[in-house]
Amino acid sequence: MSLFGPRQLAAILFPMPLPEPFDYEVPDGLDVAPGDHVIAPLGKREAQGVVWSVRDAGPADEGRKIKPLLARLDAPALSEAVRRFVDWTAHYLVEPQGVVLRSVLRSPAALKPSPEETVYTLGEARPTRMTPARQRVLDIAGEGRALSAAELAREAGVSVSVVKGLADTDVLISQQVLLDPPYAIPDPYREGLALNDLQERAAVILRRLIAAGGFQAALIDGVTGSGKTEVYFEAIAELLRRDPEAQILVLLPEIALTQAIMARFEARFGAAPAPWHSASPPHERRRTWREVACGRARIVVGARSALFLPFCNLKLLIVDEEHDPTYKQSDGITYHGRDLAVARAKLEGALVILASATPSLESLVNAENGRYVHIHLPARAGTALLPDISTIDLREHPPEKGHWLSPPLLKAMAHALEQGEQVLLYLNRRGFAPLVLCKACGHKMKSPETDRWLVEHRYTGRLVCHVTGFSMAKPKACPECGAEDSLIGVGPGVERVAEEARQCFPDHVVEVFSSDTARNGEAVAELVARMERGEIDILVGTQIAAKGHNFPKLTLVGVVDADLGLAGGDLRAGERTYQTLVQAAGRAGRADKPGRALLQTHEPGHEAIQALVRGDRDAFLEAERMARDMLGMPPYGRLAAIILSGPDPVLLDQTAQEIARAAPLTEGVEIFGPAEPPLAVVRGRYRRRFLIQAERNVDVSAYMRAWAARVKIPSSIRMGIDIEPYNFL
Ligand code: ADP
C-alpha cells in the first residue's frame with residue numbers, strides 16, 4: 001500500500017490468443033480508465049493492450065509481484081459497448097477474448113494521429129532566372145493541384161532539388177496537410193428519389209423505430225428491385241437529421257457490390273462513405289479505423305469484418321442481402337456476420353435492419369414470432385415487373401452432345417440479342433471443366449493436398465484445386481498411363497459455357513464474370529460498368545454476377561444448371577438454391593423492359609423449382625420449415641461443430657475418441673461423430689468432425705466451452721469450434 005491510499009491495478013487485454021486480461025500496477029502519475037490503449041511489459045517484450053478494468057488492490061493482491069504499466073497512448077478509448085461486444089463474441093464463439101480483440105485492433109497505425117505531408121502550390125513571386133526545368137514545374141503547379149515535392153518533381157520530370165529551390169524563393173508556397181483527411185460529412189437533407197406508396201409505408205415504420213431509439217431489429221423483406229436500398233437510405237437520412245453525430249454501419253456480402261453502392265451513397269448524401277474491407281490497402285484501413293474511432297466517420301460501408309470497428313456512437317446497422325452465405329466467415333475465427341450484427345446492435349442500443357429479397361429462414365422465423373419488425377415490399381419500383389420464370393426440361397430438350405445450352409434457351413437468347421437486349425447465363429462453377437480425366441485409362445486428376453478433383457481453367461491453362469488454391473500446369477501426358485494428349489475436361493464451368501456462347505453467337509460480345517476474371521474491386525467495377533453501358537451482350541457468371549447489380553438492358557437470364565446444389569447433404573442446400581435462383585432471375589428486367597428467366601433442369605418437379613416458377617415462396621418455405629422443425633435443425637434447434645486436423649491419422653482418431661469420451665452429459669444435446677468429413681485431407685492434414693445438435697434453449701457456447709476445457713490435445717493436432725456451422729465439409 002502506498003502512502004496515498006491503495007495501489008491501483010488495471011486488467012489489460014492483449015490482442016493475442018491469451019485466455020483473459022492480465023493484472024498490472026498503475027504507476028503514480030499515470031491516469032488510466034477502461035478502454036484506454038496502453039503499453040505494458042509482456043514476457044521479455046513490450047506489448048500494446050487495452051485496459052479492461054481498473055480496481056483497487058485488495059488483501060488477495062498482498063505480496064503478489066505485479067509489473068507496472070509503461071505508458072498510456074494518446075488515442076480514442078474503446079467504448080464500453082465495444083468491450084462488451086468483445087466479451088460477448090468470445091463467449092459465443094468459444095474463442096479467447098484476446099483473439100476477438102485482435103479483430104478490433106486491425107490497424108495499429110491508426111492509433112497515432114494522421115501523418116502530415118508538405119504540399120506545394122504556386123505563389124505570387126516569379127523566379128529571377130527561368131530554366132526549362134523550372135518552367136515545367138511552374139506549369140504543373142499552375143494546374144491548381146496541391147502536390148508533394150516528389151510528385152511535382154516526378155510529373156515535371158525534374159529532380160526534387162529544382163522544386164525545393166523554387167520553394168526557398170517563395171515561387172512555390174508550402175503547406176502542411178493531413179495524409180489521412182477526415183471523410184466528408186453526409187448531408188441528410190438532400191432530396192432522395194420520391195418514394196412510391198409501398199416504400200413510403202416502409203419508411204414510415206423505420207422513421208418510427210428511429211424516433212423510438214434503443215435496440216430494435218427490422219427485416220425488410222422485399223422482392224428484387226423493390227427499392228430496399230432507397231428505403232434504408234431514408235432510415236439513414238432520418239437518423240442523421242435527428243442525431244448528426246450518429247454513426248451508421250452498412251454491411252455488404254461482397255466486394256463486388258461495394259463500388260456501385262458507394263456511388264449511390266455519394267449521389268444520395270453528397271459524400272462518399274468510409275470504406276472497410278480486409279482487402280483494402282493499409283492506408284485506407286488506417287484512415288477509416290481512426291475516423292471511426294474518433295467518431296468523425298458517419299457512414300461506413302464494409303464487409304463483415306467491419307463489425308469489429310471501434311465505433312463510439314453506433315446507432316444503426318444495416319445488413320444488406322442478409323441471407324448471403326458469404327456472411328459466414330469460416331477462416332480464422334468462424335462467425336456469422338448477421339448474428340454478430342444483431343448482437344452488436346443489442347449492446348450498442350442501436351437499430352439493426354436486415355434486408356433481402358430472399359431472407360434466411362432464421363430471420364423469417366424471428367420476424368414472424370415478433371422478435372423482428374417485418375417490413376414487406378412486394379412489388380418492384382416504377383414500371384419494372386418481376387421476371388417471368390419458366391423451366392426447360394433437359395430430358396425433353398437436351399443440348400447437343402458436348403454442349404450445355406439447350407435449343408429453347410438458344411432460341412430465347414437469339415431473340416433477346418436481336419432486340420439489342422442483354423443476356424446473363426448463370427452457372428455457379430468457376431473455370432472450364434470441374435473434372436479432368438484421361439480418356440485412355442480413366443485416371444482422374446486429383447489435388448495432391450485434398451484428394452479433390454482438379455478444375456481445369458482454360459484461360460490460364462492450369463488445373464486448380466478450389467479448396468486450397470493448389471495449381472499445376474495441365475500435363476501433356478496422363479501421369480498414370482503416359483498417353484499423350486489424352487486428358488479431357490468433363491462437365492461445364494463458366495469458361496466452357498462462354499466458349500459455347502461465342503460459337504453460337506460469333507457477332508456478339510461474351511464475357512465471363514467470376515472471381516477469376518474479377519479478382520479485385522476495380523476489375524469488378526470495370527465489368528459492371530461495361531455491362532451497364534451495354535458493351536457486353538452475353539455475360540456468363542457465377543454467383544458474383546447474380547447479386548445486387550442493376551443492368552437496365554438485361555432481359556433474359558438463363559440458368560444453365562438449376563439442379564446444381566439441390567443434391568448433397570447440406571442442411572441449407574434447398575434454401576440456398578432457391579435464394580440463388582431468385583437472385584439470379586431477379587437480375588432480369590430491372591428497368592422498363594420485362595424480363596424472363598429460363599431454368600434448365602432435369603427435375604422440373606422439384607419443390608424449390610416449382611415454388612420458383614409459381615412465384616410461391618411461402619409454399620417453399622413452409623415445406624422447408626416443417627422439415628427443419630421435425631429434425632430439430634436451425635432455427636428450431638442449435639448446431640455446433642468440432643473440426644480436428646492433424647498429420648497422423650492414427651493419433652487423430654485416438655484423440656477424437658478421447659474427445660468423444662470427455663463430452664459432458666447434458667439433457668437436450670446430441671453428439672454425432674467423430675466422422676471422416678467429405679474434405680478428409682487438406683494440405684497433408686487429415687480431418688475429423690463432430691456435429692453437436694442441441695435444443696433451442698441450450699447455451700451451446702457454454703456447453704462447448706465446458707467440453708473443450710476437459711480435453712488435452714497433442715500439439716500436432718488442431719481443434720476448431722464452429723458455432724452454427726454453415727458447411728459440413
Ligand atoms: P433493391 O435494393 O430492392 O434491389 P433498389 O433500391 O436497388 O432495389 O432499387 C432498384 C432500382 O429501382 C434502382 O435503380 C433504383 O434507383 C430504382 N428505384 C427504386 N425506388 C425508386 C423510386 N421510388 N423512384 C424511382 N426509381 C426507384
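One-based numbering, in listed order, for ligands and for the atoms of each. The chain is numbered in sequence order, starting from 1.
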- Task: Look at the rings of Tyr726 and His336 and say which category their plane angle falls in: under 30° parallel, 30 to 60° tilted, over 60° perpendicular.
- Result: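 Plane angle between 30° and 60°, so tilted.
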- Parallel, tilted or perpendicular: which fits the ring planes of Phe85 and Trp88, with parallel below 30° and perpendicular above 60°? parallel
- Message: Does anything in residues 216-253 form a ring pair (Phe, Tyr, Trp, His ring centres under 6.0 Å)? List the pairs, not counting sequence neighbours.
- Response: Phe233-Phe265, Phe233-Phe269
- Find the distance between CD (Glu322) and CD1 (Ile220) and round it off to the nearest 0.5 Å. 11.0 Å
- Message: Just to check, does Gly225 reach to within less than 4.0 Å of ligand 1 when the distance is taken from its heavy atoms?
- Response: yes
Under 4.0 Å from a heavy atom of [X]: give me the atoms of ligand 1 that qualify, with their elements.
X	answer
Glu230	6 (O), 16 (O), 19 (C), 20 (N)
Asn196	23 (N)
Thr229	2 (O), 5 (P), 6 (O), 7 (O)

- For ligand 1, the portion of Arg264 having any non-hydrogen atom under 4.0 Å away: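 Side chain only; the backbone of Arg264 stays clear of ligand 1.
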- Message: For Ala194, which part has a heavy atom under 4.0 Å from ligand 1: side chain, backbone, both, or neither?
- Response: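 Ala194 to ligand 1: backbone contact only, side chain stays beyond 4.0 Å.
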- Message: For atom 26 (N) of ligand 1, which of the options Leu198, Leu195, Asp197, Leu193 provides the nearest non-hydrogen atom?
- Response: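 It is Leu193 whose heavy atom sits nearest to atom 26 (N) of ligand 1.
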- Does Asp243 reach the side chain of Ile210, with side-chain heavy atoms less than 4.5 Å apart?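 Answer no - side chains too far apart.
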- Message: Among residues at least two apart in sequence or on other chains, which ones pass side-chain hydrogen bond (donor to acceptor under 3.5 Å, both in side chains) with Lys228?
- Response: none
